[in-house]
Amino acid sequence: MYKLLLCWRYLRTRYIALASIVSVMLGVATMIVVNAVMEGFSHEMQARMHDVLSDVVVESRSLEGMCDPEWHMQKIKSAVGNDVVGMTPTAYVPAMLGFTVGDQHITKQITIIGIDEASYSEVSSFGNYLQHPKNREHVDFKLKDEGYDVFDHQAEDADQARPRKQMEFAGWRYRRQKAAFAPKVEVQQSETKINADPFAGAAMVQNAEGEPEGHTFDPATEQHTGAVMGIAIGSYRGSDGNDGFLLLPGDDIEVTYPSAGRVPKPLSANFTVVDFYESKMNEYDASFMFVPLAKLQDLRGMVDPATGKRFANTIQLKVREGADLNAVRDKLRDAFPAQLYVVNTWRDKQGPLLAAVQMETAVLNVLLFMIVAVAGFGILAIFFMIVVEKTRDIGILKSLGASGQGIMGIFLTYGFSLGLVGAGVGAVIGLLFVQHINEIADLLAVATGQPVFDPSIYYFYKIPTVVRPFTVTWIATGAMLIAVLASVLPALRASRLHPVQALRFE
């Protein structure tokens, strides 16, 4: 009992111990905040990757693809059974996109993805990232009337959504007006001002009867091949944070791609942009263009002329919730020859990026844990000083019958108490900081005049955070363990003091 009483007395009266408590507290709070933010970023990034990539992907090593994807899907079903709840064939083809802005012809390297409109939504959340509400329900690759989002529909708060004024002209209205005006339309590309009207200042071309020349683009009669384009391909972001567009739904584009066959040849085709895809992952938004799978197969010649069977170079799988993706992957690797097929989970395909995030988190934890280690050295120095100051008291305790283990227990319990208080207060402060981190970021932005968290850089409107109870537990436990270990050497010295010698020199 005397050990607890002495620990409580030292904890209340030895104010120098507050320095150790504050060090432990700040170290624990900082580690909780950093881990929560890093986990939030990782969670958001993985969620967006997973929304684009299906759970498991079976790929052909040849760009020409695999013949008869229906047969392959039957083989997949027989190999993994009920673990697969959805499948769809797709075709990934590298291509070169070309379009004209003003007097300049712009070319960009892209990847065309041919998808089956009926089944692709079963294996991915592709529709959630489209800009027209009807396409989010079901994409049909047809140009829509007005109704495209003029604000970012993914923003949690309407006040934070970036305005996209040009999008209000998108669709059939834009296509009809573009046909009625002169072909050369000045496009405002200033980074400081976005022209809301793409036809401002253009001259209308009229025939002898005074009517607008050109096609009227009636949706009921016009035939066009629609394409959903990654929003970063046809847009730019100005210094004011608003989005400007080089292309709008209703514009025509030209795509050059390789033909199927043993000697690929360059082919080209025209498409009409019908919507934008925005996952907020620049790797996807700046390179992907989605088109109907059947149309891409016809254009590339991915059809066997003898049997009429079609080709696809990937099959994407949706696995039932709770199933082991690695086990499904391994079964499919056994079922398909490795020299012809590649089978990966979505994590395998993004392995280097996910591994980089995990490594950064681990390095940050090591660096930040050194803050707690510094507090441990402070505890070590303070305890040695207490042992020197309390030599006479230790001698009296031992002369009264206190054992060496009892004296050692006083200092170990005292070190544990410092760690417990510091870790507990630090955990509370860290969790409160995480809970109000966006409000704190706003206050810092007002105080400094600079945004602490810029959505135009990170593509998130708020700082994402995820608190893992296990992470908080090991951080607090580690801090308390360091505090106890730092008190071991002073406790050993105190326990070895001889009572007669301690009293003689004091």
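Reckoned from all heavy atoms, side chains included, excluding hydrogens, waters and symmetry mates. Predicted model only: the values in this text are computed from it and were never measured.
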Main chain of Met38, side chain of Ser42: is a donor-acceptor contact present, judged purely on distance under 3.5 Å? no

Student check: side-chain heavy atoms of Val56 and Val343 closer than 4.5 Å: yes

Is any side-chain heavy atom of Met289 closer than 4.5 Å to one of Ile253? yes

Is there a side-chain contact between Ile482 and Phe377 (heavy atoms, below 4.5 Å)? no

Electrostatic pair Lys331:Asp324 at N-O distance under 4.0 angstrom: no

Would you call Asp348 and Arg329 a salt bridge, using N to O less than 4.0 angstrom? yes

Just by modelled atom types, is the Asn128 backbone N or O under 3.5 Å from a matching donor or acceptor in the Arg136 side chain? no

Going from CG on Leu63 to CE on Met302, what distance comes out if it is rounded to the nearest 0.5 angstrom? 7.5 Å

Looking just at side-chain N and O atoms, do Asn135 and Asp275 make a donor-acceptor pair shorter than 3.5 Å? yes

With distance as the sole test, does Asp55 use its side chain to make a donor-acceptor pair with the main-chain N or O of Val319 at under 3.5 Å? yes

Crowding at CD, Glu439 (>12 non-hydrogen neighbours, <6.0 Å): yes

Pairwise distance OG(Ser78) to CE(Met73) - rounded to 0.5 angstrom: 12.5 Å

Could you walk me through whether Met167 and Asp149 satisfy the side chain to side chain contact (heavy atoms under 4.5 Å, CB included) test, starting with their C-alpha distance in whole Å, then the side-chain angles of each, then the deciding distance to 0.1 Å, before giving a yes or no? CA-CA 7 Å; Met167 287 295 289; Asp149 292 325; over 6 Å; no

Non-hydrogen side-chain atoms of Thr88 and Ile115 separated by less than 4.5 Å: no

If you measure from CG on Asp251 to CZ on Phe99, what distance do you get to the nearest 0.5 Å? 9.0 Å

Using the ring centroid of each side chain, check whether Tyr174 and Phe169 are separated by less than 6.0 Å. no

With heavy-atom distances below 4.5 Å as the criterion, would you say the side chains of Leu246 and Ile106 are in contact? yes

Rounded distance [0.5 Å steps], CD in Gln435 versus OG1 in Thr465: 9.5 Å

Starting from the C-alpha separation in whole Å, work towards a yes-or-no answer on side chain to side chain contact (heavy atoms under 4.5 Å, CB included) for Met96 and Val255. CA-CA 6 Å; Met96 186 67 70; Val255 179; over 6 Å; no

Holding to side chain to side chain donor-acceptor pair (under 3.5 Å), I want the full list of residues that pass it with His105, two or more places apart in sequence or in another chain. Thr100

Compute the ring centroids of Phe276 and Phe245, then answer whether they are less than 6.0 Å apart. yes

Spell out, as yes or no, whether a donor-acceptor pair under 3.5 Å connects the side chain of Ser124 to the backbone of Ser121. no

So, Lys144 side chain and Lys142 main chain: donor-acceptor pair closer than 3.5 Å or not? yes

Hey, are the side chains of Leu332 and Leu317 touching, using non-hydrogen atoms and a 4.5 Å cut-off? yes

Arg333 side, atom CZ; Asn326 side, atom CG - distance, nearest 0.5 Å: 8.5 Å

Please check this pair: side chain of Arg320 against backbone of Val85, looking for a donor-acceptor N/O pair closer than 3.5 Å. no

Between His138 (side chain) and Lys134 (backbone), is there a donor-acceptor pair under 3.5 Å? no

Tyr277 ring center near Phe288 ring center (under 6.0 Å): no

Interatomic spacing from CG in Leu340 to OG in Ser62 - rounded to 0.5 Å: 9.5 Å

Side chain of Gln297, backbone of Phe311: donor and acceptor closer than 3.5 Å? yes

Does the Lys75 side chain pair with the main chain of Ala335, one donor and one acceptor, at a distance under 3.5 Å? yes

Which residues satisfy the side chain to side chain donor-acceptor pair (under 3.5 Å) test with Ser125, sequence neighbours excluded? Asp51

So do Lys318 and Val84 actually touch side chain to side chain, heavy atoms under 4.5 Å? no

Can any side-chain N or O of Asp285 pair as donor or acceptor with the backbone N or O of Ser279 at less than 3.5 Å? yes

Tell me, please, which residues at least two apart from Glu59 pass side chain to side chain donor-acceptor pair (under 3.5 Å). Lys349

Quick check: closest heavy atoms across Ala338 and Arg61, and the distance to 0.1 Å? O-NE, 2.7 Å

Report the C-alpha distance between Val57 and Ile315 in whole Å, list the side-chain angles of each, state the deciding distance to 0.1 Å, and finish with yes or no for side chain to side chain contact (heavy atoms under 4.5 Å, CB included). CA-CA 6 Å; Val57 180; Ile315 295 177; over 6 Å; no

Taking side chain as C-beta onward, heavy atoms only, is Asn365 less than 4.5 Å from Asn35? yes

